[in-house]
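Heads up: the structure comes next, in structure tokens.
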There are 2 protein chains.
Amino acid sequence: MAENKKLVQAITSMEDDFAQWYTDVVLKAELIDYSSVKGCMVIKPAGYAIWENIQKELDKRFKETGVENVYMPMFIPKSLLQKEKDHVEGFAPEVAWVTRGGLEPLQEEMCVRPTSETLFCDFYAREIQSYRDLPKCYNQWCSVIRWEKTTRPFLRSREFLWQEGHTAHATAEEAEERTIQMLNLYADFCENVLAMPVVRGQKTEKEKFAGAEATYTIEALMHDGKALQSGTSHNFGDGFARAFEIQYSDKQNKLQYVHQTSWGMTTRLIGAIIMVHGDNNGLVLPPRIAPTQVVIVPVQQHKPGVLDKAMELKNVLSNFRVKVDDSDKSPGFKFSESEMRGIPVRVEIGPRDIAANQAVLVRRDTHEKMTVSLDNLSEEIASLLDTIQADMLERARAHRDAHTYTALTMEEFTKTVEEKPGFVKAMWCGCQECEDKIKEVTGATSRCMPFAQEKLADTCVCCGKPAVKMVYWGKAY
Amino acid sequence: MAENKKLVQAITSMEDDFAQWYTDVVLKAELIDYSSVKGCMVIKPAGYAIWENIQKELDKRFKETGVENVYMPMFIPKSLLQKEKDHVEGFAPEVAWVTRGGLEPLQEEMCVRPTSETLFCDFYAREIQSYRDLPKCYNQWCSVIRWEKTTRPFLRSREFLWQEGHTAHATAEEAEERTIQMLNLYADFCENVLAMPVVRGQKTEKEKFAGAEATYTIEALMHDGKALQSGTSHNFGDGFARAFEIQYSDKQNKLQYVHQTSWGMTTRLIGAIIMVHGDNNGLVLPPRIAPTQVVIVPVQQHKPGVLDKAMELKNVLSNFRVKVDDSDKSPGFKFSESEMRGIPVRVEIGPRDIAANQAVLVRRDTHEKMTVSLDNLSEEIASLLDTIQADMLERARAHRDAHTYTALTMEEFTKTVEEKPGFVKAMWCGCQECEDKIKEVTGATSRCMPFAQEKLADTCVCCGKPAVKMVYWGKAY
């Protein structure tokens, strides 16, 4: 009965219903469970282990650029949240308010942090006095709360995990440099570790972060042709510094405002991995982020020597994140389960393989099978994992490129969005009226003004006035 | 001016005012900053790096015992918190309540987790059906809120960081085994990594966790003779399982309640490190937990070759967590600062040392200086760090033993608590009346009934009736 309940069941195919396919994968790969707290999820071991690997990889890269980790309080007093006017306008409608502590009402209400600019500013105002105190490059790993009306696991939930970096610099140039540096770090991480190509660019005025002078973003394309904003980096100029009076005395002993940045990535990346790489058999994890890279499945494991051999191979493969599935389920069930969980390489080993001094390797991404000698199993797997990682990036890039279109007229724009989900490149005059109108007419929002600009035409796709930027548009999560 | 402000200032001596000494060290070693959020602190890079090392060491040990990490929501709906009656009585008075989300009042108020037993139980009730689903050994790293009236950095604050492990087992025996296993893991970690000896034992009925059948604890003795509860492990029996209906079908297909445990350690450990090892020059960090194990201070660094040599030595010492202080402060300032920050070994290198192919090593714990040849610097430092680690544990153990007293009468008990801060061992009849009376008369609370029992006498120190346990008593943080 219990065994039966757990049998790997067919999931909805992504061609039939992409949203349901996503939910099925999230649940059947045991990444999350819904909780009794509306809009919040339980991240289960298989999901959390992915997040731990994301943390490890990002944290290492942050520290190499001189970033240090800190921890700020999770609450923000109302008066503090209100200090920067654009910022409070952006966030006040979606925060959760604590009004009682212990048995008594609070003198001042506090919200649970939706983001911590105000706390970092309050701290920096005390911490920074001299140019010798600069730059400050701090980051924290924590959870934040945004009171969303509709939620989806990893993509949009009331609580999510993230990192938020907050830096303070002596000059505007240095702040801009750090903003771009972190965006590039994010993009490299997505491409090299998550095998996920991204478009790097700047958000329009309308889409930028509440309180920022400029917001930079990386945008990825999901399998269904929708965009996912996967990381952002903000340059605040001295706006927060003026609101919070964060000043330092420079070498001439003159008071100056600092220039600040912030940048963040979240558990949403797990949703991106699912939607970029997954298939109708479940999750497909890039080797560099997979909590288990290799699963060894003994076949006819009751026969003498089979389990021993499986354990021996596990030791041989100890350079990798490797597991043996020695449970009492059938090999067929174990195969399906390892596919559902997205484990990059499966090693099948049975009595006949042992006799022939070989094993069968199965690639999760292509289902390709190959027979290899046990004498060089470790080398074969090392090279196979590299191949899988590279192929996954290439396939995702090919998919992204095949689903990136150009629109020179509004008619073309509308038709493309309707018929061909993906990115639409189009020229733009720079005014918000056209941006609003494009959204109204086509349903697509501006994703970014890419760093890699192309001149598709001279005029705005919408109003016909001279164009100033080429923009990526798309429907987005 | 700015330089001047930052000069290492004398801290209050611990003999004059231990509480002020503690506060001075916490601030001057730059471990925390007070925040605008009452009762909450900002953990600064030097403090957070210690916590990261604690996390890394503990997490590795947890995983070796089969524990997996997960993440639960930070909110607990009121109805969920109320399901287990002892538990809600224990925690309701000290939680923070969220009553509004976005712009609207919540239909059901939620508290910010003070601990997550109720969330794990709610999850396990859905997750566990069969004996095949057991055991579940989950842990999470997160922050929790307890609305304390008086707070002190690391020791007692409204928000603190911790890990909370929550396990579910088929049998009572297995749950008890896991409870003790984790307590021993904590004790070994404290002794081997933090160089902090602890007394392992069981809490009395009065002092046990709200909802637990049995609470086990490790108790450490601080330099001022006060006790600090440093980690606890609880056996819940099937109490929570009955309240939350967490049942599994056993091999005979009969429904059974699971047996549960929970166990936690917190940022309070950083307070313990300070108060066990610190001295009148500041923090003293055990090498195994120190974010920086070795600091290289160049002397006369403007002279040709000195900075180059310092950098060369840094490379030679890359097996350790090593830094070069090449700031433009004076060597004397750098020496004081490295002492304030508790860096275990300082390497001083100047032109004369270079000429003689040697360096001066200074131990932080004893201030001992030694001159060593540069030819075997790495080996010397490896062995010195081991010696420091071992000596720190020995010194702390000697201090603890020298401040552990025996009381055979109440008069002796009162006098000892008054005159000799430390642990008091005394026999106890097991009734709460005597426990309450001892607290009232002497000011000491029961710390634990140690696993290593001694028979000091036949009768209770308080009432004279037959004794059932030898108890460690003391004033505590």
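Proteins get letters first, then strands, A, B, ... in listed order; numbering begins at 1 in each. Quick caveat: nothing in here was measured; it's all calculated off a predicted structure.
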When heavy-atom pairs shorter than 4.5 Å are enumerated against chain A, which of [options] gives the highest number?
| options | value |
| --- | --- |
| B:Glu109, B:Lys149, B:Arg100, B:Glu108 | B:Arg100 |
| B:Met74, B:Lys44, B:Glu68, B:Met41 | B:Met74 |
| B:Trp147, B:Tyr71, B:Tyr48 | B:Tyr71 |
| B:Gly101, B:Ala92, B:Cys40 | B:Gly101 |

Does a side chain donor of either A:Glu52 or B:Asn69 reach within less than 3.5 Å of an acceptor in the other side chain? yes

So, B:Gln140 versus B:Ser116: side-chain donor-acceptor pair below 3.5 Å or not? yes

A:Glu30 and A:Ala46: which non-hydrogen atoms are nearest, and at how many Å? O-CB, 3.5 Å

Using non-hydrogen atoms and a 4.5 Å limit, figure out which bit of [X] sits close to chain A: side chain, backbone, both or neither.
| X | result |
| --- | --- |
| B:Val42 | both |
| B:Tyr131 | neither |
| B:Lys56 | neither |
| B:Asp59 | side chain |

Point-to-point distance, once rounded to the nearest 0.5 Å, from NZ of A:Lys78 to OG1 of A:Thr118: 14.0 Å

Tell me if the aromatic rings of B:His166 and B:Tyr124 count as close, with their centers under 6.0 Å from one another. no

Winner by heavy-atom pair count (cut-off under 4.5 Å) against chain B, out of [options]:
| options | result |
| --- | --- |
| A:Ile145, A:Leu119, A:Ile76 | A:Ile145 |
| A:Ser327, A:Ser36, A:Pro77 | A:Ser36 |
| A:Arg146, A:Arg126, A:Met72 | A:Arg126 |

B:Arg132 with A:Asp328: basic N within carboxylate O range, under 4.0 Å: yes

Quick one: are A:Gln129 and A:Tyr248 in side-chain contact, heavy atoms under 4.5 Å? no

What I'd like to find out is whether the side chain of A:Thr266 reaches to under 4.5 Å of the side chain of A:Leu161, using heavy atoms alone. no

